[in-house]
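Heads up: the structure comes next, in structure tokens.
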Amino acid sequence: MRNIVAVSNKKQLGQFIDFPHDLYKGDSNYVPELFIAQRDLLTTHPFHKHSSLQCFLLFEGDKIIGRIAAILNNNYNIFNSANDGFFGFFDCINDQEAANLLFDTATKWLKDKGVTGAIIGPVNFSTNESCGLLIEGFDSPPVVMMPYNATYYSALMEGWDLKKKVDLIAWKFNGDNYDDRSVKLMDRLEERLNRNNITIRKINMKNFKQEAANLREVYNKAWDKNAGFVPLNDEEFDYQAKDLKLVLDPDFCFVAEQDGKLVGFGAAIPDMNQIQIKIKKGRLLPTGIFKLLFGKKNVKGIRILLLGVVDGYRKMGIEACIYGSIIKSYKAKKFEYAEAGWTLEHNDLVNNAIIAIKGDPYKKYRIYEKAI
């Protein structure tokens, strides 16, 4: 007997968070999410002040065999003049009937909320958070803040008649295997930028609060209506900035400004998944916290998480200078790899810049949609 249960208490929430640990037991590439981070995301994140979600567990007898969250992001619909819903936090055994039950349940919840457009996913709130289904590149663990899933998930989604909305690309650089023309050209590019009073500098960690406020404005402008994007309000941006500050290395975070006004920025963070993969079930206690704290110095990879330039300042060389600055730090610190991404498959401006420095498109993620 299979039945769906709407998560409504702490015990069920814990089961919802923990289910992937059992599903991926024995998978050497699986990285457990930190329990406390997932709990806060699902309960106290600022998202819940303007929007809503409902988590569901699928049981077969007493055993959990699947999970899903139906997500109504009101800010997304307002910003995009849409009436869509999302699904996220999807995990399931390799069983089409089970997957269909989960998708049908999420769809019904969204319909009951008045959604008449499409169901889109996997997206955990919006593209500001974890999103996309891994469809290529299963031979290595995900880097920090990137999703991971079993190879059969795409078949389950397409078996429910979900269609491709857009693909996301993750690019990799290994050691010194990159073309450093962007670094060599930086001096000339920066000279040209300086003539327009545009300078590139490291983020000022001593004035992080003000820097974060300026970055939020640029962030919301730079990703204007990219697929699934919705601007972050002050509280949401502060929530994410607070978490990033814990792992941020100023040597990998650069801003571009003109006459003191920020017009672009790029940031890379250490690949903390190198440590997190060793933390059993994502529990920081009793020993996980020590692995996290003391393992940071041994991390030898980064993820270039963000690169954005506001409209009117693109194609001036700012992107190349920021990439070049990050590569300089990457080389100086003798890191072993860097991932850049994700990027939209049709973002030729950024993708061509990455291709020019020999980025390898080693993983691909897909966001699906289906009319309700």
Side-chain angles (χ1 to χ4, degrees), residues 29-34 37 41 124 127-134 136-149 167-178 182 202-203 215 219 222-223 226 229 240-255 264-279 282 292 295-308 319 322-345 347 350-351 353-355 357-365:
N29 290 326
Y30 170 69
V31 180
E33 296 281 3
L34 293 179
L41 186 65
N124 297 344
T127 56
N128 295 312
E129 289 81 31
S130 175
C131 63
L133 185 83
L134 181 66
E136 292 179 15
F138 292 92
D139 56 346
S140 60
V143 301
V144 62
M145 298 174 67
M146 291 296 283
Y148 179 75
N149 54 264
D167 282 350
L168 317 173
I169 303 172
W171 308 79
K172 192 168 188 178
F173 304 92
N174 287 304
D176 291 328
N177 184 29
Y178 59 84
S182 63
K202 290 182 184 179
I203 192 171
L215 289 173
Y219 179 84
W223 280 267
N226 279 340
F229 175 73
Q240 295 199 6
K242 181 182 68 175
D243 287 347
L244 287 176
K245 187 180 179 182
L246 297 174
V247 297
L248 198 64
D249 183 339
D251 289 336
F252 291 121
C253 189
F254 295 87
V255 300
F265 73 96
I269 58 175
D271 181 15
M272 301 302 287
N273 274 9
Q274 285 191 357
I275 308 166
Q276 207 163 305
I277 198 170
K278 302 173 185 176
I279 299 177
L292 201 62
K296 183 179 176 181
K297 65 179 181 297
N298 297 319
V299 171
K300 293 299 181 184
I302 59 171
R303 177 187 170 200
I304 303 174
L305 178 68
L306 299 167
L307 178 66
E319 296 90 347
I322 290 175
Y323 262 121
S325 298
I326 292 173
I327 289 173
K328 274 188 175 180
S329 294
Y330 165 84
K331 191 172 183 179
K333 291 175 180 283
K334 294 181 169 52
F335 275 32
E336 295 172 0
Y337 66 88
E339 177 178 301
W342 47 264
T343 67
L344 292 167
E345 61 178 333
N347 190 343
V350 172
N351 292 340
I354 296 173
I355 291 170
I357 53 175
K358 294 186 178 178
D360 173 26
Y362 83 123
K363 290 183 186 289
K364 185 180 288 186
Y365 302 83

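All values reported here derive from a predicted model rather than from experimental measurement.
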Which heavy atom in [X] sits nearest to a heavy atom in [Y], and how many Å separate them?
X	Y	value
Asn273	Pro142	ND2-O, 2.9 Å
Trp171	Gly359	CE3-O, 3.6 Å
Pro147	Ser130	CB-OG, 3.7 Å
Ser329	Phe254	OG-CZ, 4.1 Å
Pro270	Val299	CB-CG1, 4.0 Å
Gly264	Ile322	C-CD1, 4.4 Å

Measure the spacing between [atom1] of [X] and [atom2] of [Y] and express it to the nearest 0.5 Å.
X	Y	atom1	atom2	result
Leu134	Asn29	CG	CG	9.5 Å
Tyr365	Glu345	OH	CD	15.0 Å
Leu306	Leu244	CG	CG	7.5 Å
Asp167	Leu344	CG	CG	10.0 Å
Ile326	Ile302	CD1	CD1	6.5 Å
Asn347	Leu168	CG	CG	11.0 Å

Practice prompt. Could you check whether the rings of Tyr30 and Tyr148 sit parallel, tilted or perpendicular, using 30° and 60° as the cut-offs?
Written response: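 Taking Tyr148 first and then Tyr30, their aromatic rings sit tilted (interplane angle of 30° to 60°).
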Item to complete: Using the six-membered ring wherever Trp is involved, compare the ring planes of Phe335 and Phe252 and label them parallel, tilted or perpendicular (cut-offs 30° and 60°).
Response: tilted
How about [X] and [Y]: do any of their side-chain heavy atoms sit closer than 4.5 Å?
X	Y	answer
Tyr330	Asp251	no
Ile203	Phe265	no
Glu33	Gln276	yes
Val143	Tyr337	yes

[X] side-chain N/O to [Y] backbone N/O, donor-acceptor pair under 3.5 Å:
X	Y	result
Gln274	Lys300	yes
Lys363	Ser140	yes
Asp271	Val144	yes

Worksheet item: Where do Ser325 and Lys202 land on the side chain to side chain donor-acceptor pair (under 3.5 Å) test, with the steps shown first?
Response: CA-CA 9 Å; Ser325 298; Lys202 290 182 184 179; over 6 Å; no
Item to complete: State, without any angle test, whether Tyr362 and Asp139 hold a side-chain donor-acceptor pair at a distance under 3.5 Å.
Response: no
